[in-house]
Structure formats: structure tokens, C-alpha cells
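As the structure is a prediction and not an experimental result, all values here were calculated from the model.
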Amino acid sequence: QVQLVESGGGLVQAGGSLRLSCASPSGLAFSMYAMGWFRQGPEKDRDIVASISRTGSNTIYADSVKGRFTISRDSAKNTVYLQMNSLKPEDTAVYYCAARLSGSAGSTYYTRNDYHFWGQGTQVTVSS
């Protein structure tokens with residue numbers, strides 16, 4: 001059973017920063033997986049925030065976070081990160097990490113159905 005464990009969420013004031021981490025303690029063959037971060041606000045759908053290809057060569061971002069959030073990965077640590085800067089109250093959501101087995105080194109993936117494994121989520125709350 002593949003496990004993904006998110007950490008780093010919390011309460012922050014608007015304009016502040018947080019860094020989320022997603023690790024795989026179950027020994028996921030990390031380098032074979034494209035990774036994504038999604039978020040789900042109250043009474044909203046779970047939407048893509050960012051995705052990174054399995055080699056880290058390509059990334060994509062939701063328009064709402066471009067220029068503020070950065071996704072990265074450290075294959076030696078089997079961890080993917082989401083650096084979130086200039087946070088806004090509308091960024092408040094549960095943030096989920098997801099993994100997709102990817103045969104393509106450079107592919108990124110946009111939708112929930114593209115991903116095979118999910119973490120349990122971490123709450124991010126941005127106060128105004």
C-alpha cells in the first residue's frame with residue numbers, strides 16, 4: 001500500500017509563507033511518479049494547485065497561484081514540496097499530495113482522475 005504523508009500546514013496571516021512537504025514512508029519508487037498538489041476549500045471541488053514531472057523538468061501551476069507558489073522535489077529524500085508565499089485568505093483549504101505512475105519523464109497532470117495515490121491532506125488557514 002502506497003502512503004503519502006503531508007506536513008507543514010497551519011495558520012498564517014495574509015502575506016505570510018508556508019512550506020508543505022509530502023513524503024512517502026512506504027518506499028514508493030519516487031522517481032517513477034509525477035507528483036501533484038491539490039486543494040479543496042469549504043464546499044468546493046478538489047482542484048489542481050501544481051504538478052511536477054517525475055524528473056522535475058516540468059511544472060505547471062493553477063493561474064491563481066502562479067508567481068506565488070513553487071513546487072519542487074528531492075528524489076534523494078523521496079519528498080515533494082510546495083513553497084507558498086504571499087498567501088491570501090482565499091488560499092485557505094485542505095491541501096493534498098498526489099502521485100501518478102508516469103512512463104513519460106516530462107509529463108505533468110492536471111486532474112484528480114490522473115492520479116493513483118493520495119495523502120490524507122493538511123489544513124492551511126490564512127487569516128486576513
Heavy-atom check, side chain of Tyr33 versus side chain of Ile52, under 4.5 Å: no
When every non-hydrogen atom of Val65 is compared with those of Val49, the smallest separation belongs to CG2-O, 3.6 Å
Would the distance check show the side chain of Asp45 and the main-chain N or O of Asp47 forming a donor-acceptor pair, the cut-off being under 3.5 Å? no
For the CG atom of Leu4 and the NE2 atom of His116, what is their distance to the nearest 0.5 Å? 12.5 Å
Roughly how far apart are Arg68 CZ and Gln83 CD, rounded to 0.5 Å? 12.0 Å
What is the minimum heavy-atom distance between Ser57 and Ala105, and which atoms define it? OG-O, 4.0 Å
Hey, what do you get for CD1 (Ile48) to CG (Asp63), rounding to the nearest 0.5 Å? 12.0 Å
Measure the shortest side-chain to side-chain distance between Asn78 and Arg73 over non-hydrogen atoms and say whether it is less than 4.5 angstrom. no
What are the two closest heavy atoms between Tyr95 and Arg39, and how far apart are they? OH-NH1, 2.9 Å
Between Lys88 and Asp91, is there a salt bridge with N-O shorter than 4.0 Å? no
Quick one: closest heavy-atom pair of Ser128 and Ala14, and the distance? CA-CB, 4.3 Å
Check the angle between the aromatic planes of Tyr96 and Trp118 and answer parallel, tilted or perpendicular using the 30° and 60° thresholds. perpendicular
Please check this pair: side chain of Arg54 against backbone of Ser107, looking for a donor-acceptor N/O pair closer than 3.5 Å. no
Please report the interatomic distance CZ(Arg100) to CE(Met32), rounded to the nearest 0.5 Å. 12.0 Å
Nearest non-hydrogen partners of Trp37 and Leu82, listed with the distance: NE1-CB, 3.5 Å
Beyond-backbone contact of Val80 with Ile71, side-chain heavy atoms, under 4.5 angstrom: yes
Is there side-chain contact between Thr59 and Thr108, with at least one heavy-atom pair below 4.5 Å? no
Path from Leu101 to Phe117 over hydrophobic side-chain contacts below 4.5 Å: yes
Quick check: do Gln120 and Glu6 have side-chain heavy atoms less than 4.5 Å from each other? yes
Please check if the side chain of Thr79 supplies one atom and the backbone of Lys77 the other of a donor-acceptor pair under 3.5 Å. yes
Connected via hydrophobic side-chain network under 4.5 Å: Tyr110 and Phe38: yes
Are any non-hydrogen side-chain atoms of Ser51 and Tyr115 less than 4.5 angstrom apart? yes
Which atom pair, heavy atoms only, marks the closest approach of Val126 to Thr92? N-OG1, 2.9 Å
Derivation and outcome, side chain to side chain donor-acceptor pair (under 3.5 Å), residues Ser104 and Ser102: CA-CA 5 Å; Ser104 170; Ser102 176; 5.0 Å; no
Any side-chain heavy atom of Leu20 within less than 4.5 Å of one from Thr122? yes
Quick one: pull up SG in Cys22 and CE in Met35 and give me the separation to the nearest 0.5 Å. 4.5 Å
Is there a side-chain contact between Thr70 and Tyr81 (heavy atoms, below 4.5 Å)? no
